[in-house]
Asks: 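Quick one: this structure, given as structure tokens, is what I'll be asking you about.
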Protein chains: 2
Amino acid sequence: MTDEEPRAPRADAQRNRARILEVARTVVAEQGTQASLRDVARRAGIGLGTLYRHFPTRDELLETLLSDRFDRLAARAAALESTRPPADALAQWVSDFAEGATAYRGLAASMLATIEDETSSLHASCLAMRQAAGRLLGNAQAAGAVRADVDGTDLFALVNAVGWIADQAPSLSARRAHLLSLVLDGLKPH
Amino acid sequence: MTDEEPRAPRADAQRNRARILEVARTVVAEQGTQASLRDVARRAGIGLGTLYRHFPTRDELLETLLSDRFDRLAARAAALESTRPPADALAQWVSDFAEGATAYRGLAASMLATIEDETSSLHASCLAMRQAAGRLLGNAQAAGAVRADVDGTDLFALVNAVGWIADQAPSLSARRAHLLSLVLDGLKPH
DNA sequence: ACCTGAACACCGTTCAAGT
DNA sequence: ACCTGAACACCGTTCAAGT
């Protein structure tokens with residue numbers, strides 16, 4: 001056998017990686033997507049360099065925490081597309097997305113940033129999700145349920161903006177569902 | 001004369017204060033409302049402690065930079081109220097506000113934060129402006145031009161959210177006017 | 001009365017030295 | 001092959017010492 005399997009990572013490296021992710025989930029839940037990476041390393045009981053070795057950028061860490069969610073939402077869009085009327089499918093997907101978008105403080109900002117930053121590790125998984133949602137939008141527009149001058153980026157930006165509002169203050173967070181329905185209602189043709 | 005005038009600040013203190021504001025305007029224009037205060041002091045050629053003496057918090061400095069703008073917008077609302085039909089007056093005011101809201105990166109976030117934080121120095125001047133705008137909203141609703149389930153805070157949050165979107169990426173910034181019109185259009189009764 | 005900058009407690013990021 | 005933590009370049013904030 002001249003072509004061998006690539007060696008599996010060393011056991012200690014695997015343990016460290018898992019430990020970082022476990023702690024990162026907690027710390028990001030507490031502090032948001034801008035959480036202190038030093039704090040993550042400290043609480044995981046590993047050296048700061050080890051964290052950077054496994055996750056060279058903050059986005060690489062976030063991507064690992066969030067890609068499942070993005071993949072699930074992309075699959076959800078595909079499922080809704082084939083089982084629901086266009087307007088329903090879009091409304092339901094946005095509602096599902098919006099619910100998760102407030103999982104972490106700063107998440108709306110992190111997601112919107114990936115649109116522009118193609119070097120971000122979050123770019124690909126987030127783009128796939130956006131494209132799946134874009135098809136739902138297109139269908140809803142073809143059915144006359146959404147005005148024609150809205151594109152997928154507009155919709156994504158607006159939904160994240162409502163998520164951002166909810167991040168800013170508790171009293172605004174309480175209005176989140178209402179603000180979202182105002183915005184979505186407003187996208188219907190007059 | 002037993003009750004004397006309060007003494008005018010020392011000449012050097014006055015000069016320092018003016019110099020801080022001058023430099024802060026530049027640095028905030030460059031770096032946004034989260035600009036480094038250390039950088040402001042450095043570029044103003046004054047000690048860091050002097051900056052903190054004149055402006056104990058970041059918001060106190062921002063308030064001094066921004067209160068003129070808020071006062072002008074409050075006055076603008078009053079003027080529009082007495083000269084234009086309700087729907088026009090509101091649309092024009094929001095357009096004026098939105099234009100200024102992108103003057104500095106981070107400004108939308110700073111403004112929205114003052115809603116909740118009553119200890120912020122920006123709270124009072126921003127509240128007065130919001131109340132003036134709230135009257136325009138009420139008039140527009142009474143005239144049937146805006147749906148009834150929108151309050152002043154909703155409108156303020158949404159307009160700032162669109163400003164925030166524009167902060168996130170150049171490509172989104174180019175869609176700002178379109179996104180704003182989408183949102184405002186959407187607030188009309190269906 | 002006011003100014004100054006060192007001091008303290010934090011960051012993110014890199015990298016030489018270790019195992 | 002991987003881990004570690006010191007080192008560097010930044011923050012915000014406070015305060016003892018100066019003029």
Asks: Side chains of Thr119(B) and Asp117(B) only: does a donor on one sit below 3.5 Å from an acceptor on the other?
Replies: yes
Asks: Identify which nucleotide among dT13(C), dG12(D), dT4(C) has an atom closest to any side-chain atom of Ile46(B), counting heavy atoms from C-beta outward.
Replies: dT4(C)
Asks: Rounding to an integer number of Å, can you tell me how far Phe55(A) CZ sits from dC2(D) C1'?
Replies: 15 Å
Asks: Please state how far atom CG in Asp59(B) lies from atom P in dG12(D), giving the value in whole angstrom units.
Replies: 14 Å
Asks: Determine the contact category for Ala8(A): base if any of its heavy atoms lies under 4.0 Å from a base atom, sugar-phosphate if only primed atoms, P, OP1 or OP2 are that close, otherwise nothing.
Replies: nothing
Asks: Between atom CD in Gln14(A) and atom C1' in dA1(D), what is the gap in whole Å?
Replies: 13 Å
Asks: Counting the atoms with a prime plus P, OP1 and OP2 as sugar-phosphate, which does Ala41(B) contact under 4.0 Å by heavy atoms, base, sugar-phosphate, or nothing?
Replies: nothing
Asks: Looking only at the side chains, is there a donor atom on one of Gln31(B) and Ser36(B) sitting less than 3.5 Å from an acceptor on the other?
Replies: no
Asks: Just the rounded figure in Å: distance from P of dG12(C) to CG of Leu51(A).
Replies: 10 Å
Asks: Which residue in the set Arg25(A), Arg43(A), Arg105(A) passes salt bridge (Lys or Arg N to Asp or Glu O under 4.0 Å) when paired with Glu30(A)?
Replies: Arg43(A)
Asks: Side chain of Thr50(A) only, please: which of dG12(C), dC2(C), dT4(D) is the nearest?
Replies: dT4(D)
Asks: Specify the residue among Arg38(B) and Asn16(B) whose closest nucleotide of DNA chain C lies further upstream toward the 5′ end.
Replies: Asn16(B)
Asks: If the threshold is 4.0 Å, N to carboxylate O, is there a salt bridge linking Asp12(A) and Arg15(A)?
Replies: no
Asks: For the pair made of CD in Gln31(A) and C1' in dC11(C), what is the distance, rounded to whole Å?
Replies: 12 Å
Asks: Phosphate oxygens OP1/OP2 of dG12(D): is one of them under 4.0 Å from a side-chain N or O of Ser36(B)?
Replies: yes
Asks: Where the side chain of Ala13(B) is defined as all heavy atoms beyond and including C-beta, which of dG12(C), dT13(D), dC2(C) is the nearest nucleotide?
Replies: dC2(C)
Asks: Quick check: does any side chain N or O of Trp164(B) sit under 3.5 Å from a backbone N or O of Gly106(B), one acting as donor and the other as acceptor?
Replies: no
Asks: Just name whichever nucleotide pairs with dT19(C), Watson-Crick or G-U, keeping both distances under 3.5 Å, else none.
Replies: dA1(D)
Asks: Pro9(A) has a side chain; which of dG12(D), dC2(C), dC2(D) sits nearest to it?
Replies: dC2(D)
Asks: Have a look at Arg53(A) and say if it touches a base, only the backbone sugar-phosphate, or nothing, with a 4.0 Å heavy-atom cut-off.
Replies: base
Asks: Can you see if the side chain of Arg10(B) gets near the phosphate of dC2(C) - specifically, an N or O under 4.0 Å from OP1 or OP2?
Replies: no
Asks: Whom does dT14(D) pair with, Watson-Crick or G-U wobble, provided both distances fall under 3.5 Å?
Replies: dA6(C)
Asks: Less than 4.0 angstrom between a side-chain N/O of Arg42(B) and OP1 or OP2 of dC11(D), yes or no?
Replies: yes
Asks: In whole angstrom, what separates Leu48(B)'s CG from dG12(D)'s P?
Replies: 8 Å
Asks: Could you measure the distance from the CD1 atom of Ile20(A) to the CG atom of Leu51(A)? Nearest 0.5 Å is fine.
Replies: 4.5 Å
Asks: Give a yes/no on whether any side-chain N or O of His54(A) is located under 4.0 angstrom from OP1 or OP2 of dC3(D).
Replies: yes
Asks: Expressed as a whole number of angstroms, how long is the span from Arg15(B):CZ to dC3(C):P?
Replies: 9 Å
Asks: Quick check: on DNA chain D, is the nucleotide nearest Gln34(B) upstream (toward 5') of the one nearest Gly49(B), or the reverse? Name the residue that is more 5'.
Replies: Gln34(B)
Asks: Measure the distance from OH on Tyr52(A) to C1' on dG5(D) and round it to the nearest whole Å.
Replies: 14 Å
